Undergrad: 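Below is one structure. I have some questions about it.
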Amino acid sequence: MGFLLLSFAIVKRNTLIVLLGPTGVGKTDLSIWLSKTYNCPIISSDSRQIFSELKIGVAAPSAEQLLQVPHYFIGTKHITEPYSAGQYELDVLDLLDKLFSKNSMQLLVGGSMLYIDAVCNGLDNIPPVKPEVREKVHKLYEEFGLEAVRQKLKELDPAHYEKVDLQNKQRVIHALEVCLTVGKPYSKLLSKQKKKRPFDIIKIGLNLPRPELYERINKRVDIMMDEGLLEEVTGLYPYKNLNSLNTVGYKEIFDYLDKKTDLETAVALIKQNSRRYAKRQLTWFNADAEIRWFAPNEQDEIISTINRQLAQ
RNA sequence: GGGCAGUUACCAGAGUGGCCAAAUGGGGUUGACUGUAACUCAACUGGCGUACGCCUUCGGUGGUUCGAAUCCAUCACUGCCCA
């Protein structure tokens, strides 16, 4: 009997716990506790905390927190390095492959919806857009407007033209960029199929009543200012046009530094844009029926839910 | 105490007899989103209804008028100025 149980434990499937939730809900604190509980490192799923130059404004884990448990994908890229959800998917899968050989339980933590999705469901294999193509398409957009980009897309990929939100310049431009990069219609690369992963996934969502969440977000912005966000952003001013700095907390202060607004307004906008971001995250997460939701202080419930799931 | 200005939806703020459930902006809600995603984009925002629509609103009350957020009277409150 004991032998049976033991062998059962050994063949237990690898499991990835995904801790997610809107910005400011308290993922970081809980993740450290979970990491210690299950004795596994933290794999961050945050498209901004991955940049080493962004700290205060993206509420990256503190130096102290980083010392407590190993973190991956925190401050491992420079803001000048291009990075994407697609690359992230590959990087995480590689890492998980290694980590699972040591511990059948791993922990992914973050709020970047597409990044989490890339790990859990996979993205189709689309090569990175060539820089010269990107430049070309952006020129087209700058000079002739969105309609010109739309028409070009209609010509190269009529199927996708029918599906995209034609108002959404980012999506329209990207679709055309991909068409031009790979030399065939973007839509041909999209399978709409979820990839099978060689591990189980347990999704734990953290949320709070809206007013409370917003309150936390507002307060956190004030704390960021106290911690020196203005200085951090000022130091990054030369890089303000980089995509990595098209980020809440940075772009608003760039506007202040450009004298487009006063500091008070900039801070208010950071709060507002953070709230909106949180809302968008929740919209995305709400569509995912696999997520089990908890308040950030329901640690016992979270543990028992995970353990129950593992026992199955 | 006297004079002037004002009171409009969650907030700010247009509207000064019918085309007004009421511009616009903010805030908020809901949603879309397969690689630059903390991005980018959309809808809604007095109530009920899928909709044609119906109902309740523009400080209070009372008038004028076929018809009032808009005109008159009065009361209340707010701001500024003079005392």
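Every heavy atom of this structure was used, including side-chain atoms; hydrogens, water molecules and symmetry mates were not. Everything numeric in this text was worked out from a predicted model, so none of it was measured. Convention: sequence-line order gives letters A, B, ...; per-chain numbering from 1.
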Undergrad: For A/Val178, which contact category applies under a 4.0 Å heavy-atom criterion: base, sugar-phosphate, or nothing?
TA: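 Result for A/Val178 = nothing.
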Undergrad: Can you check whether any acceptor in the base of B/rU36 is under 3.5 Å from a donor in the side chain of A/His138, or vice versa?
TA: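 For A/His138, whose side chain was compared with the base of B/rU36, there is a donor-acceptor pair (under 3.5 Å).
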Undergrad: Please state the P separation for the pair B/rU64 and B/rG28 - nearest whole angstrom.
TA: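 After rounding to an integer number of Å, I get 46 Å for this pair.
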Undergrad: Using atom CG of A/Asn168 as one end and atom C1' of B/rA43 as the other, report the distance to the nearest whole Å.
TA: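 Those two atoms, CG and C1', are 14 Å apart.
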Undergrad: Look at the side chain of A/Arg171 against the base of B/rC39 and say whether a donor-acceptor pair falls under 3.5 Å; ignore hydrogens and angles.
TA: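 Counting by modelled atom types and ignoring angles, a donor-acceptor contact under 3.5 Å is found here.
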Undergrad: Both distances under 3.5 Å, Watson-Crick or G-U wobble: report the partner of B/rC80, or none.
TA: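 In the structure as shown, B/rC80 has B/rG3 as its Watson-Crick or wobble partner.
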Undergrad: Would you classify A/Glu177 as touching base, sugar-phosphate or nothing, given that sugar-phosphate means primed atoms plus P, OP1 and OP2, and contacts are heavy atoms under 4.0 Å?
TA: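 A/Glu177: no heavy atom of the nucleic acid under 4.0 Å.
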Undergrad: Which whole number of Å gives the distance between the P atom of B/rU7 and that of B/rG60?
TA: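 Each nucleotide's P atom is 13 Å from the other's.
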Undergrad: Short question: side chain of A/Glu252, backbone of A/Val267 - any donor-acceptor pair under 3.5 Å?
TA: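 No, the answer is negative, given that no donor and acceptor are paired below the 3.5 Å cut-off.
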Undergrad: Which nucleotide, if any, forms a Watson-Crick or G-U wobble pair with B/rC19, using both distances under 3.5 Å?
TA: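 For B/rC19, the partner nucleotide comes out as none, under the 3.5 Å rule.
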Undergrad: OP1 or OP2 of B/rU34 versus the side-chain N and O atoms of A/Lys195: is any pair under 4.0 Å?
TA: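 Negative; the distance criterion is not met.
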Undergrad: Are OP1 or OP2 of B/rU34 and a side-chain N or O of A/Lys192 less than 4.0 angstrom apart?
TA: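 A/Lys192 to B/rU34 OP1/OP2: side-chain N or O found under 4.0 Å.
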Undergrad: Is it the case that B/rU36 (base atoms only) and A/Asn246 (side chain only) share a donor and an acceptor within less than 3.5 Å, ignoring hydrogens and angles?
TA: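 Checked by distance alone, the answer is no.
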Undergrad: Give the ring-plane orientation class for A/Tyr88 versus A/Phe73, where under 30° counts as parallel, over 60° as perpendicular and anything between as tilted.
TA: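 Ring orientation of A/Tyr88 relative to A/Phe73: perpendicular.
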Undergrad: Taking atom CG as the centre, does A/Asp165 end up with more than 12 heavy-atom neighbours from other residues, nucleotides or ligands that are less than 6.0 angstrom away?
TA: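 Atom CG in A/Asp165 is packed in, count exceeds 12.
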Undergrad: Rounded to the nearest angstrom, tell me the gap between atom CD in A/Glu162 and atom C1' in B/rA32.
TA: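 In whole Å, B/rA32 C1' and A/Glu162 CD are 17 Å from each other.
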Undergrad: So which one's nearest nucleotide on RNA chain B is more toward 5', A/Met113 or A/Arg210?
TA: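 Final value for this comparison: A/Arg210.
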Undergrad: How many Å lie between CG on A/Leu114 and C1' on B/rU34, as a whole number?
TA: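 The answer, rounded to whole Å, is 6 Å.
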Undergrad: Select one nucleotide: of B/rU29, B/rU36, B/rU40, the one nearest the side-chain heavy atoms of A/Lys279.
TA: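 Ranking B/rU29, B/rU36, B/rU40 by closest atom to the A/Lys279 side chain puts B/rU29 first.
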Undergrad: Once you measure the plane-to-plane angle for A/His160 and A/Tyr186, does it fall in the parallel (<30°), tilted (30-60°) or perpendicular (>60°) bin?
TA: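 Rings of A/His160 and A/Tyr186: perpendicular, as their planes differ by over 60°.
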Undergrad: Look through every strand shown and name the nucleotide pairing with B/rU65 as Watson-Crick or G-U wobble, where both distances are under 3.5 Å.
TA: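 When the pairing criteria are applied, nothing turns out to pair with B/rU65, so the answer is none.
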Undergrad: Counting only heavy atoms not in A/Lys136, do more than 12 fall under 6.0 Å of its NZ?
TA: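 Not more than 12 within 6.0 Å, no.
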Undergrad: Sort out the partner of B/rG25 for me: Watson-Crick or G-U wobble, both distances under 3.5 Å, none otherwise.
TA: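 Partner of B/rG25: B/rC11.
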Undergrad: In the strands shown, is B/rA42 matched to any nucleotide by a Watson-Crick or G-U wobble pair with both distances under 3.5 Å, and which?
TA: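 Partner of B/rA42: B/rU30.
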Undergrad: Say you pick atom C1' in B/rG67 and the same atom in B/rC20; how far apart are they, in whole Å?
TA: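 It works out to 13 Å between them.
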Undergrad: Check the phosphate of B/rC41 against A/Lys169, side-chain N and O only, distance under 4.0 Å to OP1 or OP2. Yes or no?
TA: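 Checking A/Lys169 against B/rC41: at least one side-chain N or O falls below 4.0 Å of OP1 or OP2.
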Undergrad: Can you check the distance between B/rG31 and B/rA21, where both ends of the measurement are the P atom (answer in whole Å)?
TA: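 It works out to 31 Å between them.
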Undergrad: Is the number of heavy atoms from other residues, nucleotides or ligands under 6.0 Å of A/Glu135 CD greater than 12?
TA: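 Check fails, neighbour count at 12 or below.
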Undergrad: Using a cut-off of less than 4.0 Å, is there contact between a side-chain N or O of A/Lys251 and OP1 or OP2 of B/rU40?
TA: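 For B/rU40, OP1/OP2 do have a side-chain N/O of A/Lys251 under 4.0 Å.
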Undergrad: Suppose you measure atom C1' in B/rC4 against the same atom in B/rC11; what distance do you get, rounded to whole Å?
TA: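 Nearest-Å result for B/rC4 against B/rC11 at atom C1': 27 Å.
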Undergrad: Distance check needed: B/rC41 C1' versus A/Ile173 CD1, whole Å only.
TA: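 Going from A/Ile173 (CD1) to B/rC41 (C1'), I get 12 Å.
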Undergrad: Under 4.0 Å: is that the gap between some side-chain N or O of A/Tyr277 and OP1 or OP2 of B/rU40?
TA: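 For A/Tyr277, the contact criterion (side-chain N or O under 4.0 Å from OP1 or OP2 of B/rU40) is not met.
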Undergrad: Of A/Gln167 and A/Met224, whose closest RNA chain B nucleotide lies nearer the 5' terminus?
TA: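 Nearest nucleotide further toward 5': that of A/Met224.
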Undergrad: Verify the contact: side-chain N or O of A/His174 to OP1 or OP2 of B/rU36, cut-off strictly under 4.0 Å; return yes or no.
TA: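 Indeed, a polar side-chain atom of A/His174 lies that close.
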Undergrad: Give me the distance, rounded to whole Å, that separates B/rA43 from B/rC81 when you measure between the P atoms they each carry.
TA: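 Nearest-Å result for B/rA43 against B/rC81 at atom P: 46 Å.
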Undergrad: For B/rG25 versus B/rC71, give the span between their C1' atoms, rounded off to a whole number of Å.
TA: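 Looking at atom C1' only, B/rG25 and B/rC71 are 30 Å apart.
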Undergrad: Below 4.0 angstrom from OP1 or OP2 of B/rA42, is there any side-chain N or O of A/Arg280?
TA: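 Looking at the OP1 and OP2 atoms of B/rA42, neither is under 4.0 Å from any side-chain N or O of A/Arg280.
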Undergrad: Provide the closest heavy-atom pair for A/Ala295 versus A/Ile302 in the form atom of the first, atom of the second, distance.
TA: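 Shortest heavy-atom contact: O-CD1, 4.4 Å.
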Undergrad: What is the distance, to the nearest angstrom, from the NZ atom on A/Lys130 to the P atom on B/rU36?
TA: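 Rounded to the whole Å, the gap is 16 Å.
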Undergrad: Under a 3.5 Å cut-off for both distances, is B/rU50 Watson-Crick or wobble paired, and to whom?
TA: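 None - no nucleotide pairs with B/rU50, as no candidate has both distances under 3.5 Å.
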Undergrad: Roughly how many Å apart are B/rG13 and B/rA73, using the C1' atom of each and rounding to a whole number?
TA: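 The answer is 28 Å between these two C1' atoms.
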Undergrad: Rounding to an integer number of Å, can you tell me how far A/Arg276 CZ sits from B/rU40 P?
TA: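 Going from CZ in A/Arg276 over to P in B/rU40 covers 11 Å.
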